[in-house]
Amino acid sequence: MVERIEGEALHAAVADLDGWELRGDQLAIERTYKFADFVEAFGFMTRVAILAEKADHHPEWFNVYNRVEITLTTHDAGGVSERDVAMAKAIAAL
Ligand SMILES: C[C@H](O)[C@H](O)[C@H]1CNC2=NC(N)=NC(=O)C2=N1
């Protein structure tokens, strides 16, 4: 079972993640990535998909052309957990 991160600890964790923001309801973190074109965006999504499968932690996302909006939340925890923080860092490190 994964613990939800809340309150001050959650704000501190998100502040540490470059470019990620807390969703209004504080139950997820979000980031929008923009690329030169669809091929670049989809290539990025493919790399994230491989990370997600390995970690067994999957993004909610939305893509139009060169824009990829990613939402990370842990369904098992009903909010943000260390798994989301780890995934955000892994995506940043691609
Ligand atoms: C059974 C499997 O381990 C779970 O359903 C995993 C899969 N991927 C997941 N992804 C996310 N984002 N949250 C989860 O709680 C989650 N749980």
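Order of listing sets the numbers, starting from 1, for every ligand and every atom in it. Excluded from the calculations below are hydrogen atoms, water molecules and symmetry mates; all remaining heavy atoms, backbone and side chain alike, are included.
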Review point. Among all protein non-hydrogen atoms, which one is nearest to atom 3 (O) of ligand 1, and what is the separation to 0.1 Å?
Key: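 Ranked first by proximity to atom 3 (O) of ligand 1 is Asp56 OD2, 2.6 Å.
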Point to revise | Nearest-neighbour protein heavy atom for atom 8 (N) of ligand 1, which is reported as residue plus atom name and distance | key: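 Of the protein heavy atoms, His58 ND1, 2.9 Å lies nearest.
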**Study point:** Salt-bridge present (Arg23, Glu21; N to O < 4.0 Å)
**Key:** no
Check your understanding: Taking the six-membered ring for Trp, are Trp20 and Tyr33 parallel (under 30°), tilted (30 to 60°) or perpendicular (over 60°)?
Key ->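 Ring orientation of Trp20 relative to Tyr33: perpendicular.
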**Study point:** Side chain, backbone, both or neither: the part of Thr73 lying under 4.0 Å from ligand 1 by heavy atom
**Key:**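 Near ligand 1, Thr73 shows its backbone, while the atoms from C-beta on stay back.
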Exercise for review: Please round to the nearest 0.5 Å and tell me the distance separating atom NZ of Lys34 and atom CD of Glu40.
Suggested key: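 Answer for the NZ-CD pair, Lys34 versus Glu40, is 14.5 Å.
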Practice item. Would you confirm whether any non-hydrogen atom of the protein falls under 4.0 Å from atom 14 (C) of ligand 1? Key: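 At least one protein heavy atom is under 4.0 Å away.
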Practice item. Decide yes or no on side-chain contact (heavy atoms from CB on, under 4.5 Å) for Asp37 and Tyr65, but give the supporting numbers first. Key: CA-CA 6 Å; Asp37 54 30; Tyr65 184 51; 3.5 Å; yes
Check your understanding: For atom 4 (C) of ligand 1, which of Thr71, Asp76, Asp84 has the closest heavy atom?
Key ->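 That would be Asp76.
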Point to revise | Close-contact set for ligand 1 against His75 heavy atoms, below 4.0 Å | key: 11 (C), 12 (N), 13 (N), 14 (C), 15 (O)
Practice item. Decide side chain to side chain donor-acceptor pair (under 3.5 Å) for Glu6 and His11; before the verdict, give the C-alpha distance in whole Å, the side-chain angles of both, and the deciding distance to 0.1 Å. Key: CA-CA 8 Å; Glu6 296 175 77; His11 283 93; over 6 Å; no
